[in-house]
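Have a look at the structure below, then the notes.
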Amino acid sequence: MQAPLRYPELFLAPPERTPESFWISLAYFNLYRVALATLFLTLSFVYGDALALGSHALTLFRYTCVVYLAIAVLFHVPLRKGRELFNVQLSLHACVDILAITLLMYASGGMRSGLGVMLVVSLIAAAIVAPRRLSFLYAAIATIALLMEQAYWVLGHDAAVSSFVQPGLLAMGCFAASGVTGWLAGRVASNERLASERGRALATQMRVNELVQRDMHDGVLVLDREGQIVQHNPQAQRLLRAERLVGGNIEELLPQFASRWRTWRGDGAAVASADLALRDREIRLRLLDAGTPEAHSVLFVEDMTRARDQAQQLKLAALGRLTANIAHEIRNPLAAISHASELLEEEKRAQARARLTRIIKDNTKRLDRLVSDVLQLNRRDRMSAAPIRVHPWLREFLAEFVANEATAAERFAVDVAADAWIEFDREHLRQVMWNLLGNAARYAGPQGGAVRIALRGYGGRVELSVIDNGPGVPAARQAQLFEPFFTTEAKGTGLGLYLARELCAANRATLEYVDDGPGAHFRILCREARAA
């Protein structure tokens, strides 16, 4: 049975693991071999043994040069035709070098010929692309060859035993050269891999950036310190309607923006913006410092006409949905009122007439609430925001709510961790909290502290939470909580939470539902305001 290789990764490495630069280095190494063999062969024919090349055996020297040159030429065939088994080819190259140079040394008189230095050159060249183990293997083979060649001179020609010092030192130099070269080559290869990976990452990032800039709706211009356009995306050319932008000056392209550009460049501000009318459209320019050593800046060009048209379309679509929902909500009470009024004309019994009258009044109130909510929604932008100290305001509000809703004050608990101020319209905040407390009181239990109002403040933000111990909102319905006309109450309009969120948004606050307990938890996130 064939024994497995001990180090298969050294000689059977797959081709894809060998960088292309290694194959190129091996090809140049082989060209050096061809040049060296050709040089030695030429010198041996021109000068004979006058240069001490082949002084001991000139014929052997010439034959070795011829064979060395022929093998080097043959080595070039697999390097050009196929890229397989790199380490095997490298090992053959190194072994042929060691054998040929050792024979050339012997033919030229041994160590005194000085050709042993050529072994160090070959080992250094091999160590550049060889694994660490192989480079030391080549050094060991070269050492054995040197010592055997010197032993021949000592045993066969009575050379002094002390002559082993020179090949020994050369052998030490072979190991040192292989080790240092291998370490340096490893560092270079590692840096090359890192550079290649970063190059691919940079190319990918540049490609993604190019796609983003090409498909984005805003125009992007890169300007140098003099206002010359260095780079731009296609949308910038379409918005500015210029045939050629690169190399143009922003002051000439947009004269209305020239003074703003010069002021921004002189002051060194981080951001500058301006709205301009350009032919049949309005554009918004936003200038940012790119923070590069070349003092580049980035100019964003936004089509305000397009943005305004889109906003108008969204408003019209939202108005259409709201109108359809209002019509649907009004239809049911009107039908009930119409039916009750018809029965009322025919009914003679006082008890039945009273019941029909109550139906008419209840549906009339429902319509009145619906109209009031819609009118309030229309007035959400008419606000007068002012600093509010939340804790005292909560005490006054809670007293008013308890008195009007005829509920026990013990059911409500106030948990204040910080005496915070917020910027909010007082009437808007009252309506939002009235809606949230009304819903919480409806679903919470009768025990004390069933509804908790929590106030927290951190990082310039204020959290105002309303938490009850009721059943909470099922996960399937949480996504619909803030949709208009969504309600689980028979007499509800479904605009309460929707209106509360819109009022919060008008005051630059956020109303959200937090699914963190068995009960319902609504949280208002506000900006902290300075004390008035």
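Sequential numbering from 1 along the given sequence is applied to the chain's residues. Just the heavy atoms: all of them, side chains too, but no hydrogens, waters or symmetry mates, feed the values below.
To the nearest 0.5 Å, atoms CD1 (Ile422) and CD1 (Ile524) are separated by 7.5 Å. Atom CG of residue Leu253 and atom CG of residue Leu221 lie 7.5 Å apart, to the nearest 0.5 angstrom. A distance of 8.0 Å separates SG of Cys526 from CG of Asn507, quoted to the nearest 0.5 Å. Rounded to the nearest 0.5 Å, atoms CZ (Arg62) and CZ (Phe40) are 14.5 Å apart. To the nearest 0.5 Å, atoms SG (Cys65) and CZ (Phe45) are separated by 9.0 Å. One finds the CD1 atom of Ile250 at 5.5 Å from the CG atom of Leu223 (value rounded to the nearest 0.5 Å).
Between the side chains of His521 and Ser465, at least one donor N or O lies within less than 3.5 Å of an accepting N or O. A donor and an acceptor atom, one from each side chain of His296 and Asp224, are nowhere located under 3.5 Å apart. Tyr138 and Asp97 are not linked by any side-chain donor-acceptor pair at a separation below 3.5 angstrom, with hydrogens and angles left out of the test. Side chains of Ser196 and Arg200: a donor-acceptor N/O pair is present below 3.5 angstrom, by distance only.
Between the side chain of Ser122 and the backbone N or O of Met118, at least one donor-acceptor pair lies under 3.5 Å. Counting only distance, with no hydrogens or angles, the side chain of Arg112 and the backbone of Gly109 share a donor-acceptor pair below 3.5 Å. At distances below 3.5 Å, at least one donor-acceptor pair connects side-chain atoms of Ser91 with backbone N or O atoms of Asn87. Arg523 places no side-chain N or O within 3.5 Å of a backbone atom of Glu463 that could act as its donor or acceptor partner. The backbone N or O of Gly110 sits less than 3.5 Å from a side-chain atom of Ser113, completing a donor-acceptor pair. In this structure a side-chain-to-backbone donor-acceptor pair under 3.5 Å is missing from Asn30 to Leu26. With hydrogens and angles ignored, the 3.5 Å screen pairs no side-chain donor or acceptor of Arg225 with any backbone N or O of Gly227. A donor-acceptor contact shorter than 3.5 Å is absent between the side chain of Ser297 and the backbone of Leu288. Within the 3.5 Å criterion, the main-chain N or O of Glu251 finds a donor-acceptor partner in the side chain of Asn249. Proximity of a side-chain donor or acceptor of Asn233 to a complementary backbone N or O of Val220 within less than 3.5 Å is detected.
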Practice item. Determine, step by step, whether Gln89 and Phe75 satisfy the side-chain contact (heavy atoms from CB on, under 4.5 Å) criterion, reporting the C-alpha distance in whole Å, the side-chain angles of both residues, the deciding distance to 0.1 Å, and the verdict. Key: CA-CA 8 Å; Gln89 295 192 44; Phe75 278 162; over 6 Å; no
**Study point:** Pair Asp415-Leu455, side-chain contact (heavy atoms from CB on, under 4.5 Å): steps then yes or no
**Key:** CA-CA 6 Å; Asp415 177 13; Leu455 180 63; over 6 Å; no
Practice item. Please lay out, stage by stage, how Leu146 and Thr102 fare under the test side-chain contact (heavy atoms from CB on, under 4.5 Å). Key: CA-CA 7 Å; Leu146 287 171; Thr102 303; 5.7 Å; no
Exercise for review: Kindly determine whether Val301 and Asp218 satisfy side-chain contact (heavy atoms from CB on, under 4.5 Å), including the steps that lead there.
Suggested key: CA-CA 6 Å; Val301 184; Asp218 294 346; over 6 Å; no
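Relative ring orientation between His93 and Phe29 is described as tilted, the plane-to-plane angle lying within the 30° to 60° band.
Shortest non-hydrogen contact noted between Gln166 and Met111 is CG-CE, 3.7 Å. Residues Ala185 and Ile128 approach most closely at CB-O, 3.2 Å, considering heavy atoms. Taking all atoms of both residues into account, the shortest heavy-atom contact from Ala72 to Val34 is CB-CG2, 3.5 Å. Closest approach of Ala130 and Ser135 over heavy atoms only: CB-N, 4.3 Å. When every heavy atom of Thr42 is checked against every heavy atom of Thr38, the shortest pair comes out as OG1-O, 2.8 Å. Taking both residues in full, the closest heavy atoms of Leu511 and Cys504 are given as CB-SG, 3.9 Å, listed atom of the first, atom of the second, then distance.
Counting heavy atoms from C-beta on, the side chains of Leu104 and Leu60 never come closer than 4.5 Å. Proximity of Pro387 to Glu423: side-chain heavy atoms (C-beta onward) are separated by under 4.5 Å at one or more points. Contact of the Arg198 side chain with the Leu202 side chain is not registered, since no non-hydrogen atoms from C-beta on lie closer than 4.5 Å. Side-chain atoms of Val298 and Arg286, non-hydrogen and from C-beta on, never get closer than 4.5 Å to each other. Leu497 places none of its side-chain heavy atoms less than 4.5 Å from the side chain of Tyr513. Side-chain contact check for Gln231 versus Val246: every heavy-atom pair is 4.5 Å or farther apart. Side chains of Trp183 and Arg132 form a contact here, defined as non-hydrogen atoms less than 4.5 Å apart. Two residues are said to be in side-chain contact when any heavy atoms from C-beta on lie closer than 4.5 Å; Phe424 and Arg508 fail this criterion.
Screening Leu299, Leu285, Leu287 for a side-chain contact (heavy atoms from CB on, under 4.5 Å) with Trp261, the sole residue that qualifies is Leu287.
Between Arg501 and Glu512 no salt bridge is recorded (no basic side-chain N to carboxylate O distance below 4.0 Å).
Evaluation of the ring pair (Phe, Tyr, Trp, His ring centres under 6.0 Å) rule for Tyr152 yields Tyr106, His157 as partners, not counting sequence neighbours.
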